[in-house]
Amino acid sequence: NANIIASIGVIQIYKNDLNSSKRWFDKALALDKSNALSLYGIAGLHKRFGFAHRYKISQLAAKKAGPPKGILHPLIKSALD
């Protein structure tokens, strides 16, 4: 299930392993290209690291996917704006 895999990505953010979280989000998106939790997770990472152009693109894709379901780290919540 893509949402379970994306949740592992969120756990990796809580562990401050941001590279690993990105890999888990990518794995979830390989199963479900519209997995909102992964899309918001990636958008949050882009925002955190100041990738303004990538953030705009990833946030737009996340909004199209709908609201994320599951555990939401503050980094992910920041992309909900």
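Since we're looking at a predicted model, the values are computed, not measured.
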### Query
Hey, what do you get for NZ (K22) to CG (L45), rounding to the nearest 0.5 Å?
8.0 Å

### Summary
Closest non-hydrogen contact found for A28 with A6 is CB-N, 3.8 Å

### Query
Can you tell me how far CD1 of I8 sits from NZ of K15, rounded to the nearest 0.5 angstrom?
10.0 Å

#### Entry: Shared hydrophobic cluster, F49 / I42 (ILVMFWY, side-chain heavy atoms < 4.5 Å)
yes

### Query
Hey, does the side chain of K69 reach the backbone of N3 with a donor-acceptor pair shorter than 3.5 angstrom?
no

#### Entry: For S34 against A65, the heavy-atom pair lying closest together
O-CB, 3.4 Å

### Hydrophobic cluster membership, L80 vs Y55, 4.5 Å side-chain cutoff
no

### Query
Do F25 and L39 come close enough that some side-chain heavy atom pair is under 4.5 Å?
no

#### Entry: Positive for side-chain contact (heavy atoms from CB on, under 4.5 Å) with I5, one of L31, L29, L37, N35
L31

### Summary
For S78 and K47, the nearest pair of non-hydrogen atoms, with its separation, is O-NZ, 2.9 Å

### Query
Within a strict 4.5 Å, meaning less than it, do heavy atoms of the W24 and I13 side chains meet?
no

### Query
Counting N and O atoms only, with roles assigned by atom type, does the side chain of Q59 sit under 3.5 Å from a partner on the main chain of A79, one being a donor and the other an acceptor?
yes

### Summary
For I4, the hydrophobic cluster (side chain heavy atoms closer than 4.5 Å, chained through members) also holds none

### Query
Do you know the tightest heavy-atom contact between R54 and H46?
O-ND1, 3.4 Å

### Message
If hydrophobic clusters are built from ILVMFWY residues whose side chains come within less than 4.5 Å, do L18 and Y40 share one?
### Response
yes

### Message
In the structure I gave you, are the side-chain heavy atoms of P74 and Y14 within less than 4.5 Å of one another anywhere?
### Response
yes

